*Asks:* 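Dropping the structure in here first, questions after.
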Amino acid sequence: MSKTVRTRFAPSPTGFMHVGNLRTALYEYLVAKSMGGQFILRIEDTDQERKVDGAVDIIYSTMKRAGLIHDEGPDIGGDYGPYVQSERKEMYLPYAKQLIEQGQAYYCFCTKERLDMLRENADDPGAGYDRHCRDLPQEEVQQKLRDGVPYVIRQKMPLTGTTTFEDAVYGTISVDNSELQDQILIKADGYPTYNFANVIDDHTMNITHVVRGSEYLSSTPKYNLLYEAFGWDIPTYIHLPLIMGKNDDGSVSKLAKRHGATSFEDLMKGGFLPAAIINYIALLGWAPKDNREMFTLPELVENFSIDGISKSPAIFDYDKLEWFNGEYIKAMTVEEFAAVCEPYFRQALGDLPLDHIKLASILQQRTTKLTDIPEKIAFFAEQPEYDVSLFVNKKSKTTLENVPSLLQAGIEALEALTEWNHDSIHDCLMNLAVTLGVKNGTAMWPVRIAASGMTVTPGGAVEILDILGREESLTRLKKGLAKFS
RNA sequence: GGCCCGGUGGUCAAGCGGCUAAGACACCGCCCUUUCACGGCGGUAACACGGGUUCGAUUCCCGUCCGGGUCACCA
């Protein structure tokens, strides 16, 4: 009988959720759920200097909006708590001391200043710590400890040999032990470093699959040496290809601010739907067995498999995200869409009593980003100044000469309407074209221009007139006609 | 710079020794159409390079080149 799969998302509270982190969280969730396992949330706040107030709430809200529901975590508890590292602080030191006793770690009394000097004077950028305290005489160590000299605890790396491990996506990876730094396990402030806390927590929380970005690939041997020192089982590693951004000069690098919105919050503010973001991100570094692209979260769980994860870095493509967003918008009911449009309607129209469902319906097929909405419908609230030249359109066969009479006829026909709704306006204008013996477009074009003051509008003349209402429509048409006198 | 990883169209990507090398986004053209979209149809465009292994390499091996990652009392 195999162990229950357990994965964990372990963000540090920095104040925003980078899409790279979100994607890691998503895959962690998918790995666990696709195998009937559990997904745990753990907050890694061992860096007391970088703590940000309210950052943990952002993590909760992001996870919730993305639908990544954890089975255990600080907010809901679980059998392996606490789930915040700062609350586990006391757990780590004993483990570090155990390592010292086993001869696999040591006290280091070097000051930060000395380390800085070391770094400055090194001509090799990868020189690192010189292991000055690695073999300090026992008495000296005890004396310094008694004197209260500040210390850190470092891991004693083997100087020779190689460490090899299996990664579920990258395969076998070996690193020479001589490459490994004697990394710090416990910092001077008593907190564990991320690397150390990670190993201790993952083990004590029974994490079976460690999913993280490939930037950890080359430091994984350090983790494994720790697992081995304690005699613990090494988890299954699943390293993910990095998400990159394209720079202006065409080069690529880890996705960062300069590439555009990089956090879940920014993306949402940018007019993207959570479901579209998740769907897009899922496909950045993973591909299903078939050609499918549209996936809800449950569908991802159903189709996910580790062997579909790719090895090469992927560039974040805002165009493709926009396409997904448009697809998700089109898949909504008008009512649902109108609901998500609400803040944007308010922004453009204030309290104007226009029919929001009708507005949503003309917008739905042509919206990819919600943030594009206000400028598209601004003319409903206030018509922009426009030039008569807008009335001229070759394809519609409208000219400065025929527009006045076209408009005049339109106004008369519309004024005669007893009912003002989509169908009546539609029939009226269509009949007008027949009566005048012109193409539909010829009759429609001047009306739409006069009603909107724009050449490009969401919806056609009929929809615009309907939404605008009789009075405002006629006012605008007459104003348009007046431009010719 | 050392080490680690990667390299199929502009982007995401199928492919896992034998294919006219899928598909999607973007781009271009045509159609539909009261504008713009949507939708439909079609098109341009790729196996980094050089050696091997093999009857046969995009697929396996080596080298080169290119790209990325990593070398913190940050996570």
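Everything quoted here is computed from the prediction, not taken from an experiment. Below, read A as the first sequence line, B as the second, and so on, with proteins coming before strands; counting in each chain starts at 1.
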*Asks:* Tell me the interatomic distance from A/Asn279, atom CG, to B/C12, atom C1', rounded to whole angstroms.
*Replies:*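 So the CG-C1' distance, A/Asn279 to B/C12, works out to 13 Å.
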*Asks:* Let's test this: given Watson-Crick or G-U wobble pairing with both distances under 3.5 Å, identify the partner of B/U20.
*Replies:*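 Answer to the pairing question: none, since B/U20 forms no Watson-Crick or G-U pair.
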*Asks:* State which residues pass side-chain contact (heavy atoms from CB on, under 4.5 Å) with A/Asp176; sequence neighbours excluded, sorted by chain then number.
*Replies:*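 Listed in chain order: A/Thr162, A/Ser178, A/Glu179.
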*Asks:* Taking the side chain as every heavy atom from C-beta outward, state whether A/Gln155 and A/Leu225 have any pair of such atoms under 4.5 Å apart.
*Replies:*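 Yes, close enough: below the 4.5 Å cut-off.
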*Asks:* If the sugar-phosphate is the primed atoms plus P, OP1 and OP2 and the base is the rest, what is the B/S/- string for nucleotides 21-27 of chain B, using protein heavy atoms under 4.0 Å?
*Replies:* -BSBS--
*Asks:* Taking atom types as modelled and ignoring hydrogens, do the side chains of A/Lys246 and A/Ser253 form a donor-acceptor contact shorter than 3.5 angstrom?
*Replies:*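 Side chains of A/Lys246 and A/Ser253: no pair found under 3.5 Å.
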*Asks:* Do the side-chain N and O atoms of A/Asn224 and A/Thr163 include a donor-acceptor pair separated by under 3.5 angstrom?
*Replies:* no
*Asks:* With the side chain counted from C-beta on, respond yes when A/Tyr216 and A/Tyr223 share a heavy-atom pair under 4.5 Å apart, and no when they do not.
*Replies:*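 Yes; the side chains approach each other to less than 4.5 Å.
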*Asks:* Using whole Å, report how far CD of A/Glu322 lies from P of B/U11.
*Replies:*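 Rounded to the whole Å, the gap is 19 Å.
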*Asks:* If we take the C1' atom in both B/A21 and B/U64, what is their distance in whole Å?
*Replies:*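 B/A21 and B/U64 have their C1' atoms separated by 26 Å.
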*Asks:* Could you tell me which nucleotide pairs with B/A48 by Watson-Crick or G-U wobble geometry, both distances under 3.5 Å, or answer none if nothing does?
*Replies:*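 Result: B/U64.
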*Asks:* Please name the nucleotide paired to B/G1 by Watson-Crick or G-U wobble geometry with both distances under 3.5 Å, or report none.
*Replies:*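 Here B/G1 is engaged in a pair, and the nucleotide opposite it is B/C71.
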*Asks:* Using whole Å, what does the distance between atom P of nucleotide B/G2 and atom CE of A/Met157 come to?
*Replies:*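 Roughly 22 Å, once rounded to whole Å.
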*Asks:* How close or far is atom P of B/U33 from atom NZ of A/Lys397, stated in whole angstroms?
*Replies:*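 After rounding, the reported distance stands at 14 Å.
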*Asks:* Using purine N1 to pyrimidine N3 plus N6-O4 or O6-N4 for Watson-Crick, or N1-O2 and O6-N3 for G-U wobble, both under 3.5 Å, which nucleotide pairs with B/A13?
*Replies:*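 Because no pair has both required distances under 3.5 Å, B/A13 counts as unpaired.
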*Asks:* Taking only Lys NZ, Arg NE, NH1 and NH2, and the carboxylate oxygens of Asp or Glu, determine whether A/Lys320 and A/Glu322 approach each other closer than 4.0 Å.
*Replies:* no
*Asks:* With rounding to the closest Å, how many angstrom separate the C1' atoms on B/U20 and B/G39?
*Replies:*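 Comparing C1' positions in B/U20 and B/G39 gives a spacing of 29 Å.
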*Asks:* Classify every nucleotide of nucleotides 70-75 of chain B by which part a protein heavy atom approaches to under 4.0 Å, writing B for the base, S for the sugar-phosphate alone and - for neither, in 5'-to-3' order.
*Replies:* SB-BBB
*Asks:* What nitrogen or oxygen pairs link the protein and nucleotides 34-38 of chain B at under 3.5 Å?
*Replies:*
from: B/U34; atom 1: O2; to: A/Ala461; atom 2: N; distance (Å): 3.2
from: B/U35; atom 1: O4'; to: A/Arg448; atom 2: NH2; distance (Å): 3.0
from: B/U35; atom 1: O2'; to: A/Thr455; atom 2: O; distance (Å): 3.1
from: B/U35; atom 1: O2; to: A/Arg448; atom 2: NH1; distance (Å): 3.2
from: B/U35; atom 1: O2; to: A/Thr457; atom 2: N; distance (Å): 2.9
from: B/U35; atom 1: O2; to: A/Thr457; atom 2: O; distance (Å): 3.2
from: B/U35; atom 1: N3; to: A/Thr457; atom 2: O; distance (Å): 3.0
from: B/U35; atom 1: N3; to: A/Gly459; atom 2: O; distance (Å): 3.1
from: B/U35; atom 1: O4; to: A/Gly459; atom 2: O; distance (Å): 2.7
from: B/U35; atom 1: O4; to: A/Gly460; atom 2: N; distance (Å): 3.1
from: B/C36; atom 1: O2; to: A/Arg366; atom 2: NH1; distance (Å): 2.6
from: B/C36; atom 1: N3; to: A/Arg366; atom 2: NH1; distance (Å): 2.3
from: B/A37; atom 1: O2'; to: A/Gln365; atom 2: O; distance (Å): 3.4
from: B/C38; atom 1: O4'; to: A/Gln365; atom 2: O; distance (Å): 3.4
from: B/C38; atom 1: O3'; to: A/Lys330; atom 2: NZ; distance (Å): 3.2
from: B/C38; atom 1: O2'; to: A/Gln365; atom 2: NE2; distance (Å): 2.9

*Asks:* Got A/Val84 and A/Val56 here, is their nearest side-chain heavy-atom distance under 4.5 Å?
*Replies:* no
*Asks:* Got a salt bridge between A/Glu28 and A/Arg212, using NZ or NE/NH1/NH2 to carboxylate O under 4.0 Å?
*Replies:* no
*Asks:* Using a heavy-atom cut-off of under 4.0 Å over every strand shown, decide if A/Lys246 touches base, sugar-phosphate, or nothing.
*Replies:*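 Since only primed, P, OP1 and OP2 atoms lie under 4.0 Å of A/Lys246, the category is sugar-phosphate.
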*Asks:* Counting only Watson-Crick or G-U wobble pairs whose two distances fall under 3.5 Å, which nucleotide matches B/C41?
*Replies:* B/G29
*Asks:* Between B/A72 and B/G10, how far is it from one C1' atom to the other, in whole Å?
*Replies:*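 Nearest-Å result for B/A72 against B/G10 at atom C1': 37 Å.
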*Asks:* Considering only atom C1', compute the distance from B/U11 to B/C27 and round it to an integer number of Å.
*Replies:*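 Approximately 12 Å lies between the C1' atom of B/U11 and that of B/C27.
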*Asks:* What is the distance, to the nearest angstrom, from the CG atom on A/Asp176 to the P atom on B/C4?
*Replies:* 7 Å
*Asks:* Contact class for A/Ser251 (heavy atom, under 4.0 Å): base, sugar-phosphate, or nothing?
*Replies:* nothing
*Asks:* Of all residues at least two apart in sequence or in a different chain, which pass the side-chain contact (heavy atoms from CB on, under 4.5 Å) check with A/Glu113?
*Replies:* A/Thr111
*Asks:* Counting just side-chain N and O atoms, does A/Ser310 come under 4.0 Å of either OP1 or OP2 of B/A13?
*Replies:* yes
*Asks:* Can you tell if the side chain of A/Met332 reaches within under 4.5 Å of the side chain of A/Val340, non-hydrogen atoms only?
*Replies:*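 In contact.
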*Asks:* Please identify each residue that fulfils ring pair (Phe, Tyr, Trp, His ring centres under 6.0 Å) with A/Tyr328, with sequence neighbours left out.
*Replies:*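 Result, ring pair (Phe, Tyr, Trp, His ring centres under 6.0 Å) vs A/Tyr328: none returned.
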*Asks:* Among all residues two or more places apart in sequence or in another chain, which pass the side-chain contact (heavy atoms from CB on, under 4.5 Å) test with A/Leu93?
*Replies:*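 With sequence neighbours excluded, A/Leu93 shows a side-chain contact (heavy atoms from CB on, under 4.5 Å) to A/Lys97, A/Ile153, A/Ile186, given in chain and number order.
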*Asks:* Once salt bridge (Lys or Arg N to Asp or Glu O under 4.0 Å) is applied, do any residues pair with A/Asp387, and if so which ones, sequence neighbours excluded?
*Replies:*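 By the salt bridge (Lys or Arg N to Asp or Glu O under 4.0 Å) rule, A/Asp387 matches no residue at all.
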*Asks:* So do A/Phe196 and A/Tyr194 actually touch side chain to side chain, heavy atoms under 4.5 Å?
*Replies:* no
*Asks:* With sequence neighbours left out, what residues match A/Cys110 under side-chain contact (heavy atoms from CB on, under 4.5 Å)?
*Replies:*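 For A/Cys110 the side-chain contact (heavy atoms from CB on, under 4.5 Å) partners, ignoring immediate neighbours, are A/Cys108, A/Arg114, A/Leu115, A/Tyr129, A/His132, A/Cys133.
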*Asks:* Counting only heavy atoms and a strict 4.0 angstrom limit, can you tell me which residues of residues 16-28 of chain A come near RNA chain B?
*Replies:* none
*Asks:* Indicate every side-chain donor-acceptor pair of residues 440-448 of chain A with a distance under 3.5 Å to a residue at least two apart or in another chain.
*Replies:*
from: A/Thr442; atom 1: OG1; to: A/Ser396; atom 2: O; distance (Å): 2.7
from: A/Trp445; atom 1: NE1; to: A/Leu390; atom 2: O; distance (Å): 3.1
from: A/Trp445; atom 1: NE1; to: A/Phe391; atom 2: O; distance (Å): 3.1
from: A/Arg448; atom 1: NH1; to: A/Thr455; atom 2: O; distance (Å): 3.0
from: A/Arg448; atom 1: NH1; to: A/Thr457; atom 2: OG1; distance (Å): 2.8
from: A/Arg448; atom 1: NH2; to: A/Thr455; atom 2: O; distance (Å): 2.9

*Asks:* What's touching nucleotides 57-65 of chain B from the protein side, N or O pairs under 3.5 Å?
*Replies:*
none

*Asks:* If we only count heavy atoms from C-beta on, is the A/Leu359 to A/Phe380 side-chain gap below 4.5 Å?
*Replies:*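 A/Leu359 reaches A/Phe380 side chain to side chain.
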